Amino acid sequence: MSSCCLIYTRHMKSHTDERPHKCHLCGRAFRTVTLLRNHLNTHTGTRPHKCTDCDMAFVTSGELVRHRRYKHTHEKPFKCSMCDYASVEVSKLKRHIRSHTGERPFQCSLCSYASRDTYKLKRHMRTHSGKFDTFTAFLHATQNYNVHLL
DNA sequence: CCTCCCTAGCGCCCCCTGCTGGC
DNA sequence: GCCAGCAGGGGGCGCTAGGGAGG
């Protein structure tokens, strides 16, 4: 079997709900043993990927790479085409670009306020506290955004 | 077929700063 | 003028999923 067929076979598995590797601590199931191992490390506090420049340690190698970019190498691969802003993470660049476009996808269900990111909406919901179930309102707003994306 | 590793993505929380309204 | 409350922008980490590469 060619490598692309192997990748295709594995990809098709991602469309199934087959998750044979179950966490004995919380019951959550995963597709691969690697994912389960990482998940178990979050329970046990095991952090095998240690930073050589400080005392931080992480569950995955990817987290360590990101940490090193933030704290030590200051490498920022994601650059804004409209200004000098650059970011370690693409999600941060996307959030930044909304400040150029003015896009506010996260609408408050209780007032006219709309936010450019989820946490700002959640923080805003505190100003409605006492008037409504803020978590429900937040959920409603974020679900609207997800539906919009679909 | 399995595992490791890297990348992508979503989420959460925090900090700093500027604005505004009440005192 | 001072202060508190709020929003905007951004930094940093937690965690999971997908896919390339090699054993």
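In what follows, chains carry the letters A, B, and so on, assigned in the order in which the sequence lines appear, proteins first and then strands, with residues in each chain numbered from 1. Being a predicted model, the structure only gives us computed values, none of them experimental.
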Q. In whole angstrom, what separates A:Leu35's CG from B:dC5's P?
A. 14 Å
Q. Is the number of heavy atoms from other residues, nucleotides or ligands within 6.0 Å of NE2 (A:His74) greater than 12?
A. yes
Q: State whether A:Thr34 places a side-chain N or O below 4.0 Å from either non-bridging phosphate oxygen (OP1 or OP2) of B:dC4.
A: yes
Q. When you look at A:Glu63 and A:His49, which way does the side chain to side chain contact (heavy atoms under 4.5 Å, CB included) test go after all the steps?
A. CA-CA 8 Å; A:Glu63 289 172 73; A:His49 300 273; over 6 Å; no
Write out a two-atom table: protein N or O, nucleotide N or O from nucleotides 20-22 of chain B, distance below 3.5 Å.
none

Q: Answer with base, sugar-phosphate or nothing: what part of the nucleic acid does A:Val33 contact at a heavy-atom distance below 4.0 Å?
A: sugar-phosphate
Q.
With a cut-off of less than 4.0 Å, is there a side-chain N or O of A:Arg37 near OP1 or OP2 of B:dT3?
A. no
Q. Can you tell me how far C1' of C:dG14 sits from CG of A:Asn38, to the nearest Å?
A. 12 Å
Q) Taking C-beta and beyond as the side chain, do A:Leu40 and A:His24 meet within less than 4.5 Å on heavy atoms? A) yes
Q: Take atom CZ of A:Phe106 and atom P of B:dC12, then tell me their distance rounded to the nearest Å.
A: 10 Å
Q. Counting any heavy atom closer than 4.0 Å, what does A:Ser87 reach on the DNA or RNA strands: base, sugar-phosphate only, or nothing?
A. nothing
Q: Starting at atom CG of A:Asn41, determine the distance to atom P of B:dC4, rounded to an integer number of angstrom.
A: 11 Å
Q) Are A:Arg31 and C:dG18 close enough that a side-chain N or O sits under 4.0 Å from OP1 or OP2? A) yes
Q | A:Phe58 vs A:Arg68 side-chain heavy atoms within contact, under 4.5 Å | A | no
Q: For DNA chain B, find the residues of residues 62-75 of chain A with a heavy-atom distance under 4.0 Å and give them by number; none if there aren't any.
A: A:Gly62, A:Arg66
Q.
Please evaluate residues A:Asp53 and A:Lys71 with respect to the criterion salt bridge (Lys or Arg N to Asp or Glu O under 4.0 Å), reporting the C-alpha separation (whole Å), side-chain torsions for both, the decisive distance (0.1 Å), and the verdict.
A. CA-CA 9 Å; A:Asp53 291 324; A:Lys71 294 293 190 183; over 6 Å; no
Q: In whole angstrom, give the distance that lies between atom CE of A:Met56 and atom C1' of C:dC13.
A: 7 Å
Q.
On the nucleotide C:dG5, are OP1 or OP2 found under 4.0 Å from the side-chain N or O atoms that A:Arg126 carries?
A. no
Which pairs, protein N/O on one side and nucleotides 7-9 of chain C N/O on the other, fall under 3.5 Å?
from	atom 1	to	atom 2	distance (Å)
C:dA7	OP1	A:His124	ND1	2.5
C:dA7	N7	A:Arg123	NH2	3.3
C:dG8	OP1	A:Arg104	NH1	2.6
C:dG8	OP1	A:Arg104	NH2	2.9
C:dG8	OP2	A:Tyr113	OH	2.5
C:dG8	N7	A:Arg123	NH2	2.7
C:dG8	O6	A:Arg123	NH1	3.0
C:dG9	OP1	A:Arg116	NH1	3.2
C:dG9	OP2	A:Arg116	NH1	2.2
C:dG9	N7	A:Lys120	NZ	3.0
C:dG9	O6	A:Lys120	NZ	3.2

Q | A:Cys26 to A:His43 - nearest heavy-atom pair and separation | A | SG-NE2, 3.5 Å
Q. How long is the line joining CD1 of A:Ile97 and C1' of C:dG10, in whole Å?
A. 14 Å
Q | Closest to side chain of A:Phe58, choosing from C:dC13, C:dT16, C:dG10 | A | C:dC13
Q. Rounded to the nearest Å, what distance is computed from the NE2 atom of residue A:His49 to the C1' atom of nucleotide C:dC13?
A. 15 Å
Q) Once you round it to whole Å, what is the distance between C1' of C:dG11 and CZ of A:Phe78? A) 15 Å
Q) Does the side chain of A:His39 get closer than 4.0 angstrom to OP1 or OP2 of C:dT16 through an N or O atom? A) yes
Q: Spell out, yes or no, whether A:Met125 and A:Tyr113 are grouped together once hydrophobic residues are joined by side-chain heavy atoms under 4.5 Å, including indirect joins.
A: yes
(Q) Apply side chain to side chain contact (heavy atoms under 4.5 Å, CB included) to residues A:Lys92 and A:Tyr85 and explain how you reach the verdict. (A) CA-CA 10 Å; A:Lys92 299 297 184 290; A:Tyr85 176 78; 3.7 Å; yes
Q | Nearest listed nucleotide, side chain of A:Glu89, among C:dC13, C:dG11, B:dA8 | A | C:dC13
Q: May I ask you to decide if the ring planes of A:His67 and A:His72 are parallel, tilted or perpendicular, using 30° and 60° as cut-offs?
A: perpendicular
(Q) To check you understand the geometry: which heavy-atom pair defines the closest contact between A:Lys79 and A:Leu93, and what is its length? (A) O-CD2, 3.8 Å
Q: Only one of A:Lys94, A:Arg98, A:His100 passes side chain to side chain donor-acceptor pair (under 3.5 Å) with A:His96; say which it is.
A: A:His100
Q. Do A:Tyr70 and A:Val90 sit in the same hydrophobic cluster, where Ile, Leu, Val, Met, Phe, Trp and Tyr count as joined when their side-chain heavy atoms come under 4.5 Å apart?
A. no
